[in-house]
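Working notes, beginning with the structure itself.
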Amino acid sequence: MRVLGVDPGLTRCGVGVVEGVAGRPLTMIGVGVVRTPADAELGNRLVAIERGIEEWLDEHRPEVVAVERVFSQHNVSTVMGTAQASAVAMLCAARRGIPVALHTPSEVKAAVTGSGRADKAQVGAMVTRLLRLAAPPKPADAADALALAICHIWRAPPHNRLQQAVALHASKGRPS
């Protein structure tokens with residue numbers, strides 16, 4: 001499975017592609033950050049994020065896009081910008097028919113480090129170890145994007161089996 005992880009943000013939108021299956025070593029395909037200037041007009045920033053994500057989708061052809069689920073913070077303007085960047089990523093994937101999965105920050109931290117309360121340094125260290133990298137990806141947004149992709153790969157098999165079971169059950173109830 002090839003997953004594009006997106007750590008949404010208006011100034012720095014982390015992107016990372018990981019390939020593999022649960023229970024096997026994973027491979028980093030690419031990692032980076034889509035950047036926009038903080039002083040640019042909001043609409044132009046969103047267009048820049050869209051272009052950046054579209055480039056990643058074109059280049060890496062992921063099967064799934066995993067996006068960090070936006071949660072309420074104390075700083076409303078930060079939440080709004082994160083939500084807007086998140087929506088752009090989801091739109092880009094949906095336009096191409098690529099499934100989107102949302103994962104909470106604590107879910108990603110727990111999947112990658114074993115603790116939902118891990119800090120950014122712990123996440124970066126585990127991403128480095130799990131993907132056998134020489135150093136943690138910089139900035140932290142890039143490491144977080146890879147962590148999202150890893151989380152999805154590890155959590156997707158049970159979710160996919162559940163979806164398959166539901167579809168099978170539904171098909172048995174339909175007339176032939």
Side-chain angles (χ1 to χ4, degrees), residues 2-18 28-60 62-113 115-128 130-131 136-156 159:
R2 182 175 282 206
V3 179
L4 170 64
V6 178
D7 181 40
L10 276 180
T11 305
R12 289 181 318 273
C13 183
V15 287
V17 180
V18 176
M28 181 187 78
I29 305 300
V31 66
V33 177
V34 177
R35 296 179 187 272
T36 68
D39 59 351
E41 193 269 325
L42 175 61
N44 292 334
R45 294 177 83 184
L46 295 173
V47 168
I49 291 168
E50 178 196 26
R51 287 183 182 143
I53 290 173
E54 290 288 351
E55 288 174 13
W56 277 82
L57 293 172
D58 285 342
E59 183 177 345
H60 298 289
E63 298 166 60
V64 178
V65 174
V67 180
E68 182 177 276
R69 183 182 300 273
V70 178
F71 67 100
S72 179
Q73 295 175 329
H74 298 293
N75 187 341
V76 175
S77 64
T78 300
V79 172
M80 289 299 296
T82 301
Q84 291 162 333
S86 176
V88 168
M90 290 187 280
L91 173 70
C92 290
R95 187 184 292 141
R96 293 169 180 246
I98 301 170
V100 174
L102 299 174
H103 298 283
T104 66
S106 59
E107 180 184 359
V108 174
K109 291 173 186 179
V112 173
T113 70
S115 170
R117 295 176 181 249
D119 62 23
K120 288 205 176 276
Q122 290 170 308
V123 171
M126 285 306 296
V127 164
T128 302
L130 293 168
L131 296 175
K138 300 279 186 196
D141 310 275
D144 289 348
L146 291 171
L148 275 151
I150 292 167
C151 173
H152 185 75
I153 289 170
W154 285 355
R155 292 180 176 246
H159 179 66

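Computed from a predicted model, the values in this text were never measured in an experiment.
Proximity of a side-chain donor or acceptor of Gln122 to a complementary backbone N or O of Asp119 within less than 3.5 Å is detected. Formation of a donor-acceptor pair under 3.5 Å by the Thr113 side chain with backbone atoms of Val123 is not found in this model.
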Take Val65 and Leu57 through the test side chain to side chain contact (heavy atoms under 4.5 Å, CB included) and record every step on the way to the result. CA-CA 9 Å; Val65 174; Leu57 293 172; 4.0 Å; yes
Check against side chain to side chain contact (heavy atoms under 4.5 Å, CB included), Ile150 and Leu131: CA-CA 9 Å; Ile150 292 167; Leu131 296 175; 4.0 Å; yes
May I have the step-by-step check of side chain to side chain contact (heavy atoms under 4.5 Å, CB included) for Leu4 and His60, ending in yes or no? CA-CA 8 Å; Leu4 170 64; His60 298 289; over 6 Å; no
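Across every non-hydrogen atom of Val112 and Ala147, the tightest pair is CG2-O, 3.8 Å. Considering all non-hydrogen atoms of both residues, Leu146 and Val17 come closest at CD2-N, 4.0 Å. Of all the heavy atoms in Val34 and Ala48, the pair that sits closest is CG1-O, 3.8 Å. Smallest separation of non-hydrogen atoms from Pro136 and Gly124: CB-O, 4.0 Å. When every heavy atom of Ala142 is checked against every heavy atom of Gly32, the shortest pair comes out as CB-O, 3.9 Å.
Within the model, atoms SG of Cys13 and CD of Glu68 stand 10.5 Å from one another, a figure rounded to the nearest 0.5 Å. Taken from CZ in Arg45 to CD in Glu50, the straight-line distance is 15.5 Å, to the nearest 0.5 Å. Rounded to the nearest 0.5 Å, atoms CZ (Arg69) and CG (Leu148) are 11.5 Å apart. From Thr36, atom OG1 reaches atom CG of Leu10 across 5.5 Å, with rounding to the nearest 0.5 Å.
For Arg12, the salt bridge (Lys or Arg N to Asp or Glu O under 4.0 Å) partners are Asp141, not counting sequence neighbours. Every residue meeting the side-chain hydrogen bond (donor to acceptor under 3.5 Å, both in side chains) condition with Arg96, not counting sequence neighbours, appears here in chain and number order: Glu54, Asp58. With sequence neighbours left out, the side chain to side chain contact (heavy atoms under 4.5 Å, CB included) criterion links Ser86 to Pro8, Val67, Val70, Met90.
Counting non-hydrogen atoms of other residues, nucleotides and ligands closer than 6.0 Å to CZ of Arg51 gives a total of 12 or fewer.
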